[in-house]
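See structure below.
Just follow the structure's listing: the first ligand is 1, and inside any ligand the first atom is 1. Just so you know, these numbers come straight off a predicted model, no measurement behind them. The first residue of the sequence shown is numbered 1, and numbering continues consecutively from there.
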Amino acid sequence: MNETLVRAEHLHRSYRTSDSEIVALRDATCCISAGARIAVTGPSGSGKSTLIQIIAGIDTETSGSIAWPGLGAKGGLRPSKIGMVFQNESLLPPLTALENVQVPLLLQGTQPEDARSAAREALERIGLSDVADKLPEELSGGQAQRIAFARALITAPRLILADEPTGQLDRATAHHFFDVLLQSLAKTDTALVIATHDASIAQRMHVTWRMQHGALETDS
Ligand SMILES: Nc1ncnc2c1ncn2[C@@H]1O[C@H](COP(=O)(O)OP(=O)(O)O)[C@@H](O)[C@H]1O
Ligand SMILES: [Mg+2]
């Protein structure tokens, strides 16, 4: 049995507006183990991003509970061993590709020259050394997402959460992105959870979770 990284029970998340209540997540229970490959599917508005953000510790459940036994969440702090990739360009516009990849290491207190060489190696591994000095606006969508992914991986997280990372890419580029991603994670026990609309991407994962109107079905 693989180590449990995340355990969530009966998560409920609602938003109150002046005249109504929107339920984004209802009674969601799930578990993520080391090495998992999970696709979260479901129509727009079904609660995928809400679930991912609560798992990331960016958003907070209205009721229910979540624990991150394997992800370094100490003393009520957010779990630190999570890397995130978003749908839209999340690279910092004034920084080059190489500088973007260094940011998480610099925030952790890594020496700048060490961060720089680690980022160079990361770009080399994903075949993007030639765009190291380009700004995000000079990159193609596929290149930008691979850089965002390299940035998420640079601190060696134990869980990668990707929220529709291929949503803006054409199918061939999306699958290429996925080839790079799965290859980078091969031989690691880093877990991957990816929200996607695309059934052909979901099929490349081991497990599919389905969401509908805030309800989560995990088949387990
Ligand atoms: N900040 C918010 N305020 C109000 N409603 C929200 C907010 N964020 C999400 N929602 C609502 O919660 C539901 C689930 O949204 P979301 O998790 O983004 O779904 P998905 O990622 O599957 O498209 C939707 O009805 C959405 O409109
Ligand atoms: Mg979403």
Would you say Gly214 contacts ligand 1, with heavy atoms under 4.0 Å as the rule?
-> no
re atom 11 (C) of ligand 1, the protein heavy-atom contact at minimum distance is Ile22 CG2, 3.9 Å
In the protein, which heavy atom is nearest to atom 22 (O) of ligand 1, and how far is it?
-> Lys48 NZ, 2.8 Å
Contact bool for atom 9 (C) of ligand 1 (protein heavy atom, d < 4.0 Å) = yes
Can you tell me if Ser44 has a non-hydrogen atom under 4.0 Å from ligand 1?
-> yes
Counting from 1 in the order shown, the ligand 1 atoms closer than 4.0 Å to a non-hydrogen atom of Ser46 are 19 (O), 20 (P), 22 (O)
Metal proximity, Thr50 vs the Mg ion (ligand 2), N/O/S cut-off 2.8 Å | no
Polar proximity ligand 1 side, Gly45 side, N/O cut 3.5 Å exclusive = yes
Could you tell me whether the side chain of Ser20 and the main chain of Thr17 form a donor-acceptor pair under 3.5 Å?
-> no
For Tyr15, is the NZ or CZ atom of Arg13 found under 6.0 angstrom from the centre of its six-membered ring and inside 45 degrees of the ring axis?
-> yes
Would you mind telling me which of Leu123, Leu95, Thr96 makes a side chain to side chain contact (heavy atoms under 4.5 Å, CB included) with Val101?
-> Leu123
Among non-hydrogen protein atoms, atom 18 (O) of ligand 1 lies closest to Ser49 CB, 3.7 Å
Glu164 to ligand 1: N or O pair under 3.5 Å?
-> no
If you count the non-hydrogen atoms of other residues, nucleotides and ligands that lie under 6.0 Å from CZ in Arg204, is the total more than 12?
-> yes
Ignoring hydrogens, tell whether any protein atom lies closer than 4.0 Å to atom 27 (O) of ligand 1; use the non-hydrogen atoms only.
-> no
Heavy-atom neighbours of Glu137 CD exceed 12 at 6.0 Å = no
Just jot down the ligand 1 atoms closer than 4.0 angstrom to any heavy atom of Pro43, in number order.
-> 22 (O)
With heavy atoms under 4.0 Å as the rule, classify the contact between Ala195 and ligand 1 as side chain, backbone, both or neither.
-> neither
Do ligand 1 and Ala24 have nitrogen or oxygen atoms that lie under 3.5 Å from each other?
-> no
